[in-house]
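Data block below; observations after.
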There are 2 protein chains.
Amino acid sequence: MTILAEPPPHTDTLAHNHQQCVDDALKIADQLCTERGVQLTAIRQQVLALIWESHKAVKAYELLDRIKPLQAAAKPATIYRALDFLLAQGLIHRVESLNAFVGCSCSGHQHEQLLLICKQCEQVEERMAAGVMQVLAEEFRQAGFSAHSKAIEVHGLCRRCSQL
Amino acid sequence: MTILAEPPPHTDTLAHNHQQCVDDALKIADQLCTERGVQLTAIRQQVLALIWESHKAVKAYELLDRIKPLQAAAKPATIYRALDFLLAQGLIHRVESLNAFVGCSCSGHQHEQLLLICKQCEQVEERMAAGVMQVLAEEFRQAGFSAHSKAIEVHGLCRRCSQL
DNA sequence: TTGTGGATGTTATAATATAACTGATGGCAC
DNA sequence: GTGCCATCAGTTATATTATAACATCCACAA
């Protein structure tokens, strides 16, 4: 079983240039939406930017609080509609086990990912985990199951936090 | 990569003797609780039995409605407390992506499982998926991640429903 | 008896999410 | 330009999921 190379994990907010993450995410979002002929409106972009403020998963009502300075009229529906859009475009992940949302760093790729959620620093690392997905596919074949979507969410301690 | 043998899937309510599933589940629960010196009280047993009425994932408030004939005083806390107990004992799974609960057919085993959730018939098949878990473990090692819990929930069509 | 711990009862409320209708905007066919 | 349509956002209300906090009960042991 060969495991494909992974992009460097960004679980260390101190050590990486986070503004670069945000800029990249917004730029990619912009490009993808243009290509697809869908609108990355101001609200949607603001929500995406708020989600990318950290590598932690963010709750919808936290986003609501944080968008209010920019969108005074914001209500739950404002946020949930933006989240629905971003999810549909693959720009964010929903973290089911936390009822929260995190930026997707492989936006535009179709493959599903593995989400490693740190209990300590709360950051979420996304990994393509090609090997895992391949073995999973074999498992589905055996089970006669046609998979439409999968979430692999793992709670534990990230490299950094387990070393502390 | 060898895949271990799986117990026969019980995704077909019509074709299998479901009463057997329920009886087995209750008997195993009883044994485990006795062994562990914890109390499988009437409420807890009733909730477990209600969850086992089908192989579908059941919502907490559905359980609340269904337990009322038996426990007229039942309130949300009644159900959530019973669910917490059953989860702690490994007798049920929480299906994060549905905010619902399903009986665990490998109660007492420590290993994590793969949950295959059918969009059509709503039944949940549990698989040990030893191969998947093994490859996952290798992935964690590479990521320097110490996993404490993992949920692998896959939505799609089960064998039966994809053949219809 | 008297405490102690576990389970349950009870009330209230928090947290998460959606429905349904209204209005505003902008493109485009005519 | 006018009218039409689709998309997005505003607004109100409510549904759904989950927990907090405190009271009560009861079995059992000291």
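Proteins come first, then strands; the chains are lettered A, B, ... in the order of their sequence lines, and each starts at number 1.
The distance from atom NZ of Lys68(A) to atom P of dG10(D) is 13 Å, rounded to the nearest whole Å. Between the CG atom of Leu83(A) and the P atom of dA15(C) there is a distance of 18 Å, rounded to whole Å. Between Leu64(B) atom CG and dT16(D) atom C1' the separation is 12 Å, expressed in whole Å. Rounded to an integer number of Å, the gap from Gln45(A) CD to dC8(D) C1' is 16 Å. When the P atom of dT7(D) is taken as reference, atom CG of Asp84(A) falls 15 Å away, rounded to whole Å. Atom CZ of Phe101(A) is separated from atom P of dA15(C) by 16 Å (rounded to the nearest Å). One interatomic measurement links the two molecules: CD of Glu96(B) to P of dT17(D), which rounds to 14 Å at whole-angstrom precision. The distance from atom CD1 of Ile79(B) to atom P of dG9(C) is 11 Å, rounded to the nearest whole Å.
OP1 and OP2 of dT16(C) both lie 4.0 Å or more from every side-chain N or O belonging to Asn99(B). A sub-4.0 Å separation between OP1 or OP2 of dA21(D) and a side-chain N or O of Arg81(B) is absent. At the phosphate of dA9(D), neither OP1 nor OP2 sits under 4.0 Å from any side-chain N or O atom of Lys75(A). Contact check, Thr41(B) against dT8(C): a side-chain N or O comes under 4.0 Å of OP1 or OP2. For Gln39(B) and dA7(C), the shortest distance from a side-chain N or O to OP1 or OP2 is below 4.0 Å. Note on Arg94(A): a side-chain N or O is less than 4.0 Å away from OP1 or OP2 of dA17(C).
Looking at Glu126(A), its side chain does come within 3.5 Å of a backbone N or O of Ser105(A) through a donor-acceptor pair. Checking side-chain atoms of Gln120(B) against main-chain N and O of Cys161(B) turns up no donor-acceptor pair under 3.5 Å. Side chain of His18(B) to main chain of Trp52(B): a donor-acceptor pair is present (N/O by atom type, distance under 3.5 Å, no hydrogens or angles).
With DNA chain C read from its 5' end, the first of the two nearest nucleotides for Ala60(A) and Phe85(B) is the one closest to Phe85(B).
Among the protein residues, Ala74(A) comes within range of no part of the nucleic acid, since none of its heavy atoms lies under 4.0 Å from any strand.
Closest to the side chain of Tyr80(A), from the set dG10(D), dG9(C), dT18(C), is dT18(C). Listed nucleotides: dA17(C), dA18(D), dT10(C). Nearest to the side chain of Pro76(B): dA18(D).
Residue ring and base: Tyr61(B) does not count as stacked with dT16(D) (centre distance below 5.5 Å and interplanar angle below 30° not both satisfied).
Here the side chains of Val47(A) and Phe101(A) are not in contact, with every heavy-atom distance at 4.5 Å or above.
Salt-bridge formation is not detected for the pair Arg159(B)/Glu125(B): no Lys NZ or Arg NE/NH1/NH2 atom is positioned less than 4.0 Å from an Asp or Glu carboxylate oxygen.
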